[in-house]
Amino acid sequence: MNKFKVYVTDWEYKDLSYEKKVLTDDNIEFIPTQCRTEEEVISACKDADALINQYAPISRKVIEAMPYLKVISRYGVGVNTIDLDAATEKGISVANVPDYCMDEVSDHALALIMGCTRKVVLLNNQVKQKNWDFKVSKPIFRLRDRTVGLVGYGKIPQALAKKVKALGMNVIAFDPYFPPSIAEAQGVKLVSLEQLCEQSDIISVHAPLTKGTEGMIGEAEFKLMNQETVIINTSRGPVIDEKAMINALQDGLIAAAGLDVLETEPIDPSNPLLTMDNVILTPHVAWYSEESEEEMRTKVAKNVTQVLLNEEYPPYLVNKEVKEQKQT
């Protein structure tokens with residue numbers, strides 16, 4: 001029997017020890033690569049039975065060039081690097097790891113909320129510049145009774161909702177796919193995106209990046225917000241129209257932003273966000289803790305072994321339509 005070939009298309013960790021620990025079966029050949037383009041993926045991984053993917057594009061062109069491919073497992077939650085339609089048409093399972101960093105991302109979103117509203121970074125910088133004066137932070141508003149609007153109401157924003165509620169804040173959410181009765185039982189009212197923008201003092205974005213969500217918070221939405229609104233993004237940069245956000249910050253339409261993700265990463269040195277005292281930036285780190293990294297990398301490999309060795313669907317199957325195709 002020929003060994004199953006499992007390729008890592010790209011990674012940014014110091015080693016692949018967690019993945020290797022899972023993929024040690026005698027029937028698996030584990031092959032790390034570092035690809036950046038479609039052509040590189042096709043050239044390096046054309047005989048793959050499985051792909052473990054981080055940022056390299058797994059497009060229709062790539063998928064159609066791989067006749068043996070059975071499963072694509074992506075590091076993290078988002079699968080925007082993968083053409084889901086093409087994979088589904090070919091009967092290829094696409095999997096992710098949606099539950100590895102719920103605490104980390106919700107904690108980071110809360111840290112950005114606190115940092116922006118209490119103006120911690122601004123005050124820290126002022127003190128280090130020998131300016132001991134609280135008035136540079138004016139105005140600061142009490143958090144209790146403020147309204148947090150969650151864009152998306154999956155597991156991470158649900159975790160954040162519990163944390164901000166413990167601080168005495170109210171929570172509303174926009175999520176057209178979430179059952180209103182369940183949200184209400186959790187003390188969260190589902191509203192339209194327009195209502196959320198109008199009613200929220202703090203907006204925290206948790207929507208996945210899809211064709212439908214790209215740029216969903218743009219010029220029209222910023223005009224609905226008030227001058228005290230703080231916007232937080234720990235999901236994907238392109239969910240927010242960055243130019244519209246920069247204009248809103250410069251024109252005083254909103255008060256501040258806490259951003260872990262941007263449209264272009266790493267950030268362009270000329271990006272005006274870098275010069276704004278009312279913006280906190282972190283380098284797409286919300287997902288990270290030592291524990292969450294180990295969990296993610298272990299589970300991403302287990303998605304692969306479930307398909308190749310057990311001939312079952314991966315535990316975190318994204319394109320559930322492949323099951324229906326097999327049944328028909």
Side-chain angles (χ1 to χ4, degrees), residues 3-36 41 44-45 48-56 58 70-82 93-112 152 154-160 162-163 204 206 208-209 233-237 260-261 265-266 282-310 312-319:
K3 288 187 176 184
F4 292 117
K5 292 189 175 182
V6 178
Y7 288 86
V8 182
T9 62
D10 58 312
W11 79 94
E12 58 181 3
Y13 314 112
K14 67 177 183 179
D15 59 41
L16 293 170
S17 56
Y18 297 126
E19 295 84 344
K20 288 177 181 176
K21 192 173 181 179
V22 176
L23 296 163
T24 54
D25 191 275
D26 289 340
N27 291 321
I28 288 178
E29 183 179 354
F30 182 66
I31 310 167
T33 66
Q34 284 288 19
C35 303
R36 294 289 179 265
V41 176
C45 314
D49 293 283
L51 296 177
I52 293 176
N53 171 249
Q54 189 163 29
Y55 300 124
I58 312 301
K70 302 169 183 66
V71 57
I72 306 165
S73 186
R74 188 175 188 277
Y75 290 114
V77 181
V79 290
N80 48 290
T81 59
I82 302 164
S93 295
V94 176
N96 63 351
V97 189
D99 60 355
Y100 78 101
C101 61
M102 291 186 293
D103 276 323
E104 285 79 3
V105 177
S106 57
D107 286 349
H108 200 85
L110 180 59
L112 290 173
K155 293 178 180 178
I156 290 170
Q158 286 178 55
L160 177 60
K162 292 178 182 177
K163 293 168 185 177
S204 189
H206 300 276
L209 179 59
N233 191 3
T234 54
S235 59
R236 288 292 184 270
D260 186 55
V261 290
E265 299 175 7
T282 56
H284 204 146
V285 69
W287 63 275
Y288 170 70
S289 70
E290 288 296 307
E291 295 86 350
S292 67
E293 182 177 323
E294 179 179 356
E295 182 179 357
M296 172 184 64
R297 292 169 56 190
T298 299
K299 287 182 173 180
V300 86
K302 286 183 176 179
N303 279 329
V304 169
T305 58
Q306 187 77 350
V307 174
L308 298 185
L309 302 181
N310 299 336
E312 296 178 0
Y313 291 104
Y316 298 104
L317 181 66
V318 174
N319 56 337

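Computation of the quantities below employed the complete heavy-atom set of this structure, encompassing side-chain atoms and omitting hydrogens, waters and symmetry-equivalent molecules.
For D15, the CG atom is densely surrounded, since the number of other residues' heavy atoms within 6.0 Å is greater than 12.
A pairwise comparison of heavy atoms in A56 and C35 identifies CB-O, 3.6 Å as the closest pair. Closest non-hydrogen pair, Y75 versus V300, comes out as CE2-CG1, 3.5 Å. Counting all heavy atoms, side chain and backbone alike, I52 lies closest to A301 at CD1-CA, 4.4 Å. Across every non-hydrogen atom of Y7 and A44, the tightest pair is CE2-O, 3.1 Å. Of all non-hydrogen atoms in C101 and W287, the two that sit nearest each other are CB-O, 3.5 Å.
The shortest side-chain heavy-atom distance between V285 and D260 falls under the 4.5 Å cut-off. A heavy-atom distance below 4.5 Å is not found between the side chains of D49 and I28. L160 is listed as a side-chain neighbour of H206, based on a closest heavy-atom distance under 4.5 Å. Within the 4.5 Å cutoff, the side chain of K5 has no heavy atoms near those of the F30 side chain. A heavy-atom distance below 4.5 Å is not found between the side chains of R74 and V94. The shortest distance between side-chain heavy atoms of E19 and V8 does not fall below 4.5 Å.
The side chain to side chain contact (heavy atoms under 4.5 Å, CB included) test with I156 singles out one residue from D103, T234, V105, and that residue is V105.
For Y100 and Y316, the distance between ring centers is not under 6.0 angstrom.
Every side-chain contact (heavy atoms from CB on, under 4.5 Å) that T298 has, sequence neighbours left out, goes to Y18, V22, E294, K302. Every side-chain contact (heavy atoms from CB on, under 4.5 Å) that V261 has, sequence neighbours left out, goes to N233, E265, H284. With sequence neighbours left out, the side-chain hydrogen bond (donor to acceptor under 3.5 Å, both in side chains) criterion links K162 to no other residue. Partners of E293 by salt bridge (Lys or Arg N to Asp or Glu O under 4.0 Å), not counting sequence neighbours, listed by chain and number: R297. Here E290 pairs with Y288 under the side-chain contact (heavy atoms from CB on, under 4.5 Å) rule; sequence neighbours left out. A search for side-chain contact (heavy atoms from CB on, under 4.5 Å) contacts involving P315 returns N303, Q306, not counting sequence neighbours.
Q34 places a side-chain N or O within donor-acceptor distance of the main-chain N or O of W11, the cut-off being under 3.5 Å. A donor-acceptor pair is defined here as one N or O able to donate and one able to accept, closer than 3.5 Å; no such pair exists between the side chain of S73 and the backbone of V304. In this structure, N53 contributes its side chain and T9 its backbone to no donor-acceptor pair below 3.5 Å.
A salt bridge is defined here as a Lys NZ or Arg NE, NH1 or NH2 lying under 4.0 Å from an Asp or Glu carboxylate O, and K163 with D107 meets this definition.
For the 3.5 Å distance criterion, the side chains of E12 and Y55 qualify, holding a donor opposite an acceptor.
We find the CD1-CD1 distance between I58 and I72 to be 6.0 Å, quoted to the nearest 0.5 Å.
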